[in-house]
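Chain naming here is simple, since letters A, B, ... match the order of the sequence lines and numbering starts at 1 in each. This is a predicted model, so every value here is computed, not measured.
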Amino acid sequence: MTTLKKTKTSIPVPELMSSGHLACQGCGATMAMRYALKGLGQQTVMVVPACCWTVISGANPRSSINLPLLHSPFAAAAATATGVKAGLVARGDRETTVVAWAGDGGTFDIGIQALSGAADRNEDILYVCYDNEAYMNTGVQRSGGTPDGAWTMSTPAGSARPKKDLDAIMLAHHIPYFATATPAYAEDMVRKFAKAKTVKGFRFIRILSPCPPGWKTDPMDTTKLSRLAVQTGMFRLYEVENGAMRLNMNVANRKPVEEYLKAQGRFKNMPAAEIAALQKRIDGFWESEKRQGS
Amino acid sequence: MKKVLSGNHAAAVAAQLARTQVSVGYPITPATQVFEALAEMKSKGEFPGEFIAAESEHSVMAALLGASTAGARTFTATSSHGLAYMHEVLHWVAGARLPIVMVDVNRALAAPWNLWTDQTDSLSQRDTGWMQTYCSTNQEVLDTVLMSFKIAERVMLPSMVVLDGFTLSHSYEPVDVPSQADVDSFLPPFRPELKLDPEQPITFGSLTQPKDYLRLRRRMAADMAEAEDALEEVGKEFGEIFGRSYGQLDAYRCEDAETILVTSGAVGSTARAAVDAMREKGLKAGNLRLRAFRPFPAKALRAFVKPGMKLAVVDRNYSPGMGGIFAQEIKAALYPRPGVSVHGYVTGLGGGDITVELLQEIWERVDDAPVAEIPAATWVEDAR
């Protein structure tokens, strides 16, 4: 008789998300939801505005997550979640975590008024933006989250404007908890959601979420791209708790940003000069981080 | 207990007496006082529910969508541009079958800017799936908010209680404020069958195929039809407890009247004075006030009219390209009904006075007109 070796897992085993969801192959937003729910647990209510997850969660009468879910108007995720929390509290339930789960269009653009209002009031909700850097559900149009140089259907020659600094906007609201995450770093993500669950007041997590059809990438490269975004310094893993910033991963020895860009069809026509300028911008940023840190 | 209250304060007191669990608000003239009154009650510990000052009306209604789906009784008040800004979510909460109660204080829409009463704001929300009731006194505002919760929670549709900007919202009248015990016996707590609950996870509002979508809308139609009965039954029950009964229609001196002023909202009070004055001159005048607009009281209206009757419909609203909205709806409800003519008068837009004299003039014009003639909207204004 053989004894099975027990593996110690750092990530909770129970699954609140099921297979058979309606996402594209290699969708970063499904990985994000799966890990998020592992951190959040069963006592959670999800509010989902118009975004890819409107579809991924399943058409009536099916659902790909085993949680109460309320679909909300596009611009209203943060406001709807505000009301859900108030309604639960009015019913005597102060424990349930209320999560607004929105894409970048619903966060950076059309939903920013409701988001800013809820953050300003310090509503006791967790707002999550899975940022796939364009309006992917409507077929890849530029959003405020689209990086410069990226092709989209509405920026066929490449987006001319830099990505909106949403992190700075959110931090300007003096919220108790802010974090970034990306699915290649699963332990980090699960930990941040478990942490966010315990914080009272407005919490915000932005997830960089690769999108194979929108980024023109191979579905099997999603984790690789998620990791490359961090390793090249394009995307920073950090959290800010009550104003105190902590860098979760210091990438002093960064890979060239070209490695990240080259793997994506959306940057195919980005001129070499612009790539060089981007590299300089990234290096400059990390140099100033180092100076501030030392 | 009798108190002297403005229309806005009567609305806020009613929301308090109804034991509203979540109220979300945003300021807009002339409805701001409702929001302020609730904020003050909350700060004094007199408002039992959660109170949130949102950053826009769109968010107000979205927050009520969340709170109502979580199983809470919800209330807000708005006006004009605020209501228009909510439009998307008005459709949403009606489709979601949430019994939210909202006061709309009528005010004209820009451009140009105008602060005064005009029904086009509420009437242009007629296809959202909200019930709409128009009030003529501050007492009726308080009573209608209470009745609306009961009706809304019975048919599971949202309800809009409409009052005239300034004419009612900022005018003070004696209002009989019922005791909490009486209100509690009339209005039991809201206990929805389905709600957001981690113990029983269900999804609300997910993508639905055409066949189910149509069936859901058909169910809404059936419940809107039931709301016609609910308005009558709850209005009667209210009368048994509080001594003031209400229906979909309110007829005044109509028994032998052949030409009838048809009004809605606070104009009803003026119309009664006009009818009394004409009756003194021996004219057979009457006033029919429509309390309900959605569901439209078609059955009650058909039962009310008699052959040879002429309806002089006073519309403080206008649908460009068609005419006064109450007149259109009345014509549609009565069609085909030979022998009854409907004469539409558009007046008082943007808060213009609708005086006793003006109503008498409208009545006389219609009384002189041939029965068969159904003219397009006639525009009239106060001569001063």
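B/Val24 does not touch chain A: none of its heavy atoms, backbone or side chain, sits under 4.5 Å away. Proximity to chain A is absent for every atom of B/Ala96, based on heavy atoms less than 4.5 angstrom apart. Proximity to chain B (any heavy atom under 4.5 Å) is restricted, for A/Thr96, to the side chain, taken from C-beta onward. For a residue to count as touching a neighbouring chain, one of its non-hydrogen atoms must lie under 4.5 Å from one of that chain's; by this rule B/Gln21 touches chain A with backbone and side chain alike. Proximity to chain A involves both the backbone and the side chain of B/Leu65, based on heavy atoms less than 4.5 angstrom apart.
Heavy-atom contacts from other residues, nucleotides or ligands closer than 6.0 Å to CD of A/Glu95 number 12 or fewer. Heavy-atom neighbours of A/Gln43 CD from other residues, nucleotides or ligands within 6.0 Å: above the threshold of 12. Residue B/Arg217 places its CZ atom among more than 12 non-hydrogen atoms of other residues, nucleotides or ligands, all under 6.0 Å distant.
Between chain A and the residues B/Gly205, B/Ser68, B/Ala72, B/Ser206, the largest count of heavy-atom pairs under 4.5 Å involves B/Ser206. Here A/Asn60 is the residue among A/Asn66, A/Val48, A/Asn60 with the most heavy-atom pairs under 4.5 Å with chain B. Between chain B and the residues A/Thr82, A/Leu67, A/Leu70, A/Val47, the largest count of heavy-atom pairs under 4.5 Å involves A/Leu70. Counting heavy-atom pairs under 4.5 Å between each of A/Ala77, A/Ala79, A/Ala90, A/Ser116 and chain B puts A/Ala79 at the top. Ranked by heavy-atom pairs under 4.5 Å with chain B, the first of A/Ala75, A/Ala86, A/Gly87, A/Pro73 is A/Pro73. Per-residue heavy-atom pair counts under 4.5 Å with chain A were compared for B/Ser56, B/Ala70, B/Gly71, and the maximum is reached by B/Ala70.
Rounded to the nearest 0.5 Å, atoms CG (B/Leu196) and OG1 (A/Thr44) are 12.0 Å apart. Distance check: A/Thr80 OG1 to B/Met61 CE gives 11.5 Å after rounding to the nearest 0.5 Å.
Between B/Ser59 and A/Gln113, the side chains place no donor N or O within less than 3.5 Å of an acceptor N or O (distance only, hydrogens not considered).
The side-chain heavy atoms of A/Glu123 and B/Ile52, taken from C-beta on, include a pair separated by under 4.5 Å. The shortest distance between side-chain heavy atoms of A/Arg91 and B/Asp197 falls below 4.5 Å. Taking 4.5 Å as the limit, every side-chain heavy atom of B/Glu55 sits out of range of all side-chain heavy atoms of A/Asp120.
Contact detail for B/Pro201 and A/Gln42: the closest heavy-atom pair is CG-NE2, 4.5 Å.
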